[in-house]
Visitor: 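Structure in structure tokens, see below.
In this text the structure is predicted, and so the values were computed from the model without any measurement.
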Amino acid sequence: MISLDDYVVDVLLRDLVGHDRRPASFLIYLWLATEQQRRKTVVQVSYRELAESIGVSKSSVQSAVNWLERRKLLAISKENSTATPRYTVLRPWKRG
């Protein structure tokens with residue numbers, strides 16, 4: 001069973017969906033967080049694969065990923081400019 005911080009449901013859900021009006025961002029954060037917990041490592045997945053897993057368009061994924069990175073909820077790395085991105089889910093509310 002996957003466990004989530006209470007913060008994700010109590011605060012982040014309302015913040016991303018209600019305040020920011022970016023429900024796809026919340027879905028992507030949730031999916032990546034559960035995948036990272038399940039795999040016990042960073043998640044390497046293409047925009048297309050992520051879109052298919054979540055059920056949204058590729059452009060929605062690109063926009064949502066950029067938003068999550070700006071909000072410092074995701075760290076993204078690539079070996080080169082055309083490589084599949086690696087996502088690390090961040091939890092800035094858990095300092096230290």
Visitor: Just jot down the side chain to side chain contact (heavy atoms under 4.5 Å, CB included) partners of Ile54, sequence neighbours excluded, or say none.
Guide: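 Scan of Ile54 (side chain to side chain contact (heavy atoms under 4.5 Å, CB included), adjacent residues dropped) gives Leu27, Ile28, Trp31, Leu50, Val56.
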Visitor: Listed by chain and number, what are the side chain to side chain donor-acceptor pair (under 3.5 Å) partners of Ser53, not counting sequence neighbours?
Guide: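 With neighbours one apart ignored, the set is empty.
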Visitor: Among pairs that include at least one residue of residues 27-38, which meet salt bridge (Lys or Arg N to Asp or Glu O under 4.0 Å), considering only residues two or more places apart or in two chains?
Guide: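 Sorted pair list: Glu35-Arg38, Glu35-Arg39.
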Visitor: Begin from the C-alpha positions of Phe26 and Val8 and carry the test side-chain contact (heavy atoms from CB on, under 4.5 Å) through to its verdict.
Guide: CA-CA 9 Å; Phe26 180 74; Val8 173; 3.9 Å; yes
Visitor: Would you say that Leu30 contacts Leu13 through its side chain, given a criterion of any heavy-atom pair below 4.5 Å between the two side chains?
Guide: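 Contact flag for Leu30/Leu13 side chains = no.
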Visitor: Partners of Arg14 by side chain to side chain contact (heavy atoms under 4.5 Å, CB included), sequence neighbours excluded?
Guide: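 In terms of side chain to side chain contact (heavy atoms under 4.5 Å, CB included), with neighbours along the sequence ignored, Arg14 is linked to Asp10.
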Visitor: Could you see if Leu32 belongs to whatever hydrophobic cluster contains Trp67? Use Ile, Leu, Val, Met, Phe, Trp, Tyr and a side-chain cutoff under 4.5 Å.
Guide: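 Yes.
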Visitor: Under the side-chain contact (heavy atoms from CB on, under 4.5 Å) rule, what do Leu73 and Leu12 come out as? Steps first, then yes or no, please.
Guide: CA-CA 10 Å; Leu73 294 168; Leu12 194 59; 3.8 Å; yes
Visitor: Looking at Gln36 and Tyr87, what are the two nearest heavy atoms and their distance?
Guide: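 Shortest heavy-atom separation between Gln36 and Tyr87 comes out as OE1-O, 3.8 Å.
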Visitor: How would you list all residue pairs meeting salt bridge (Lys or Arg N to Asp or Glu O under 4.0 Å) that involve residues 16-33, not counting sequence neighbours?
Guide: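 Checked against salt bridge (Lys or Arg N to Asp or Glu O under 4.0 Å) - neighbours excluded - the pairs reaching residues 16-33 are Asp20-Arg71.
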Visitor: Tell me every residue that passes side chain to side chain donor-acceptor pair (under 3.5 Å) with Gln37, counting only those two or more places apart in sequence or in another chain.
Guide: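 Side chain to side chain donor-acceptor pair (under 3.5 Å) check on Gln37 returns Ser3.
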Visitor: With side chains defined as the heavy atoms from C-beta onward, is the minimum distance between Leu90 and Leu74 less than 4.5 Å?
Guide: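 Sidechains of Leu74 and Leu90: no contact.
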Visitor: With a 4.5 Å cut-off on side-chain heavy atoms, are Ile76 and Val65 touching?
Guide: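 Yes, at least one pair of side-chain atoms sits under 4.5 Å.
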Visitor: May I ask whether Tyr47 and Val45 are part of the same hydrophobic cluster, defined by side-chain heavy atoms of I, L, V, M, F, W, Y residues being less than 4.5 angstrom apart, directly or through others?
Guide: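 Yes, because Tyr47 and Val45 connect within a single hydrophobic cluster, where side-chain heavy atoms sit under 4.5 Å apart.
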Visitor: Does any pair with a residue in residues 49-58 pass salt bridge (Lys or Arg N to Asp or Glu O under 4.0 Å), and if so which ones, sequence neighbours excluded?
Guide: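 Sorted pair list: Arg48-Glu52.
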Visitor: Please determine, by modelled atom types, if Ser57 and Ser60 share a side-chain donor-acceptor pair under 3.5 angstrom.
Guide: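 Distance-only check passes for Ser57 and Ser60.
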Visitor: Identify, with sequence neighbours excluded, every residue that meets side chain to side chain contact (heavy atoms under 4.5 Å, CB included) alongside Ser77.
Guide: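 Side chain to side chain contact (heavy atoms under 4.5 Å, CB included) list for Ser77, sorted by chain: Arg86.
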Visitor: With the side chain counted from C-beta on, respond yes when Asp5 and Trp93 share a heavy-atom pair under 4.5 Å apart, and no when they do not.
Guide: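 Yes, their side chains come closer than 4.5 Å.
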Visitor: Only counting residues at least two apart or in another chain, list the ones meeting side chain to side chain donor-acceptor pair (under 3.5 Å) with Ser81.
Guide: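 Applying side chain to side chain donor-acceptor pair (under 3.5 Å) to Ser81 gives none.
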Visitor: Mind checking what makes side chain to side chain contact (heavy atoms under 4.5 Å, CB included) contact with Val11, not counting sequence neighbours?
Guide: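 Listed in chain order: Tyr7.
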